[in-house]
S.K.: 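Let me begin by handing over the structure; questions about it come next.
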Protein chains: 2
Amino acid sequence: MRPEEAFGKVLRELRRKRGLSQEKLALEADLDRTFISLLERGLRQPSFSTILEISKILGVPAAHLVELAEAEMKKAP
Amino acid sequence: MRPEEAFGKVLRELRRKRGLSQEKLALEADLDRTFISLLERGLRQPSFSTILEISKILGVPAAHLVELAEAEMKKAP
DNA sequence: CTGTAGACTCAGGTCGACT
DNA sequence: TAGTCGACCTGAGTCTACA
């Protein structure tokens with residue numbers, strides 16, 4: 001599983017767990033809604049600061065987001 | 001402290017602790033030496049996959065790298 | 001609410017050369 | 001060994017619009 005896919009999967013799971021729409025998340029993270037869509041589908045990858053922004057809104061440390069993505073990648077290398 | 005600076009600081013510390021030159025790190029991480037230089041000085045920020053590559057060579061989980069950078073940012077917000 | 005597409009800007013990342 | 005410069009190319013991130 002590629003990094004973008006792993007990140008996208010984790011992002012979608014956490015966002016839904018928070019009951020947030022892509023639009024709401026995008027708005028609060030100061031990003032574009034279409035970009036969140038691309039990220040979740042693994043078609044784009046985030047930069048470091050984007051990871052920080054998103055994790056901030058999701059209410060988890062960025063390290064945790066990354067940890068989940070890494071774990072996801074190890075499932076199906 | 002901006003994200004790029006925090007990441008750069010942590011990167012430089014870990015790299016030196018490993019006794020690696022920028023060039024060696026760049027070579028193994030499949031990146032450019034000048035880009036490592038820019039990263040360490042906080043003039044550029046890494047993408048997600050770049051964080052993964054670098055942490056792999058440094059022998060730490062990417063989550064740990066991010067964690068250290070986050071901690072660095074909290075020192076002087 | 002989300003996926004998608006086109007067009008756009010700017011920064012991520014490369015490369016060669018010089019200090 | 002590391003910093004820097006200039007040119008270059010790709011991809012991160014935006015915006016509008018439509019299904």
Side-chain angles (χ1 to χ4, degrees), chain A residues 1-66 68-70 72-73, chain B residues 1-60 62-63 65-66 68-70 72-73:
Chain A
M1 186 178 223
R2 289 171 304 130
E4 313 92 83
E5 299 178 81
F7 185 88
K9 185 171 178 183
V10 168
L11 169 55
R12 175 160 289 178
E13 280 169 3
L14 286 182
R15 177 180 62 79
R16 290 190 168 152
K17 216 175 277 182
R18 265 62 176 175
L20 289 172
S21 66
Q22 288 182 351
E23 189 160 20
K24 192 114 202 296
L25 171 61
L27 211 77
E28 300 201 21
D30 210 35
L31 290 170
D32 197 89
R33 201 216 87 221
T34 64
F35 188 57
I36 301 291
S37 174
L38 291 168
L39 283 179
E40 289 191 356
R41 282 174 295 135
L43 300 178
R44 289 285 188 276
Q45 61 154 340
S47 69
F48 182 52
S49 58
T50 297
I51 297 174
L52 292 178
E53 288 302 323
I54 290 179
S55 62
K56 187 173 156 190
I57 305 306
L58 293 178
V60 295
H64 186 237
L65 230 180
V66 171
L68 291 174
E70 280 187 298
E72 204 60 50
M73 295 174 63
Chain B
M1 187 178 221
R2 288 171 307 128
E4 313 92 84
E5 298 179 81
F7 184 87
K9 186 171 178 183
V10 168
L11 169 55
R12 176 160 288 178
E13 280 169 3
L14 287 182
R15 176 180 62 79
R16 289 191 167 152
K17 216 174 276 181
R18 265 62 176 175
L20 289 172
S21 66
Q22 290 182 348
E23 189 159 20
K24 192 112 203 297
L25 172 60
L27 211 76
E28 301 201 20
D30 209 36
L31 290 170
D32 197 88
R33 203 216 86 225
T34 62
F35 187 58
I36 301 291
S37 173
L38 291 168
L39 283 179
E40 289 191 356
R41 284 173 293 134
L43 300 179
R44 289 283 188 278
Q45 60 154 341
S47 69
F48 182 51
S49 58
T50 297
I51 296 174
L52 293 177
E53 287 303 322
I54 291 179
S55 62
K56 187 174 157 190
I57 305 306
L58 293 178
V60 296
L65 229 179
V66 171
L68 291 174
E70 281 187 298
E72 203 59 52
M73 296 176 62

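Note that the structure is a prediction, hence the values are computed from the model and not measured. Chain A is the first sequence line, chain B the second, and so forth, proteins listed ahead of strands; every chain is numbered from 1.
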S.K.: Please report the distance, rounded to the nearest Å, between NZ in A/Lys24 and P in C/dC1.
M.R.: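 Whole-Å distance recorded here is 10 Å.
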S.K.: Between P on C/dC15 and CD1 on B/Ile36, what's the gap in Å once rounded to a whole number?
M.R.: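 For the pair B/Ile36 CD1 and C/dC15 P, the rounded distance is 13 Å.
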S.K.: Write down the distance between CG (B/Leu11) and P (C/dG12), rounded to a whole number of angstrom.
M.R.: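 So the two atoms are 14 Å apart, to the nearest Å.
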S.K.: Assign A/Glu40 to base, sugar-phosphate, or nothing according to its heavy-atom contacts below 4.0 angstrom with the strands shown.
M.R.: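 A/Glu40: no heavy atom of the nucleic acid under 4.0 Å.
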S.K.: Salt bridge or not between B/Glu23 and B/Arg33? Use side-chain N to carboxylate O under 4.0 Å.
M.R.: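 No.
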S.K.: Hey, are B/Lys24 and B/Glu28 close enough for a salt bridge, meaning a charged N less than 4.0 Å from a carboxylate O?
M.R.: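 Yes, B/Lys24 and B/Glu28 are salt-bridged.
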S.K.: From C/dG13, D/dT1, C/dC1, pick the nucleotide closest to the side chain of A/Ser21?
M.R.: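 Comparing C/dG13, D/dT1, C/dC1 against the side chain of A/Ser21, the answer is C/dC1.
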S.K.: Is any side-chain heavy atom of A/Leu68 closer than 4.5 Å to a side-chain heavy atom of A/Leu14?
M.R.: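 Of all side-chain heavy-atom pairs linking A/Leu14 with A/Leu68, at least one is under 4.5 Å.
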S.K.: Scan A/Thr34 against the nucleic acid and name what it touches under 4.0 Å (heavy atoms): base, sugar-phosphate only, or nothing.
M.R.: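 Contact class for A/Thr34: base.
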S.K.: Does the side chain of A/Glu4 come within less than 4.5 Å of A/Arg44's, by heavy atoms?
M.R.: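 A side-chain contact is absent here, since even the closest heavy-atom pair is not under 4.5 Å.
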S.K.: At under 4.0 Å between heavy atoms, what does B/Arg15 touch on the DNA or RNA strands: base, sugar-phosphate, or nothing?
M.R.: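 Answer is sugar-phosphate: B/Arg15 comes under 4.0 Å of backbone atoms only.
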S.K.: Tell me: CD of A/Glu23 to C1' of D/dT16, nearest whole Å?
M.R.: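 Going from A/Glu23 (CD) to D/dT16 (C1'), I get 14 Å.
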S.K.: Which part of the nucleic acid does A/Ser37 contact within heavy-atom distance under 4.0 Å: base, sugar-phosphate only, or nothing?
M.R.: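 Counting heavy atoms under 4.0 Å across all strands, the contact made by A/Ser37 includes a base.
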S.K.: Could you tell me the separation between the CG atom of A/Leu25 and the C1' atom of D/dG13, rounded to a whole number of Å?
M.R.: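 Interatomic distance, CG of A/Leu25 to C1' of D/dG13: 14 Å.
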S.K.: Round to the nearest Å and state the distance from B/Glu53 atom CD to C/dG13 atom P.
M.R.: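 Between P of C/dG13 and CD of B/Glu53: 10 Å.
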S.K.: Any side-chain N or O of B/Arg12 under 4.0 Å from OP1/OP2 of D/dG3?
M.R.: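 Yes, such a contact exists.
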S.K.: Which part of the nucleic acid does B/Leu38 contact within heavy-atom distance under 4.0 Å: base, sugar-phosphate only, or nothing?
M.R.: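 Here B/Leu38 touches no strand at all.
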S.K.: Answer with yes or no whether B/Arg33 presents, from its side chain, a donor or acceptor under 3.5 Å of a partner atom in the base of D/dG3.
M.R.: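 For B/Arg33, whose side chain was compared with the base of D/dG3, there is a donor-acceptor pair (under 3.5 Å).
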S.K.: OP1, OP2 of D/dG13 versus side-chain N and O of A/Ser47: anything below 4.0 Å?
M.R.: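 Yes, because at least one side-chain N or O of A/Ser47 sits under 4.0 Å from OP1 or OP2 of D/dG13.
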S.K.: Would one find a side-chain N or O of B/Gln45 under 4.0 angstrom from OP1 or OP2 of C/dA11?
M.R.: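 For C/dA11, neither OP1 nor OP2 has a side-chain N or O of B/Gln45 closer than 4.0 Å.
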S.K.: Which is it for B/Val66 and A/Leu65 under the side-chain contact (heavy atoms from CB on, under 4.5 Å) test, yes or no, and what are the steps along the way?
M.R.: CA-CA 10 Å; B/Val66 171; A/Leu65 230 180; over 6 Å; no
S.K.: D/dG3 C1' sits how many Å from B/Leu39 CG, rounded?
M.R.: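 Whole-Å distance recorded here is 14 Å.
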S.K.: Looking at the side chain of A/Arg44, which of C/dG3, D/dG13, C/dT14 is the nearest nucleotide?
M.R.: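 For A/Arg44, the side-chain atoms sit closest to D/dG13.
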S.K.: Given atom CG of B/Leu43 and atom P of C/dG12, what is their separation to the nearest angstrom?
M.R.: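 Result: 10 Å.
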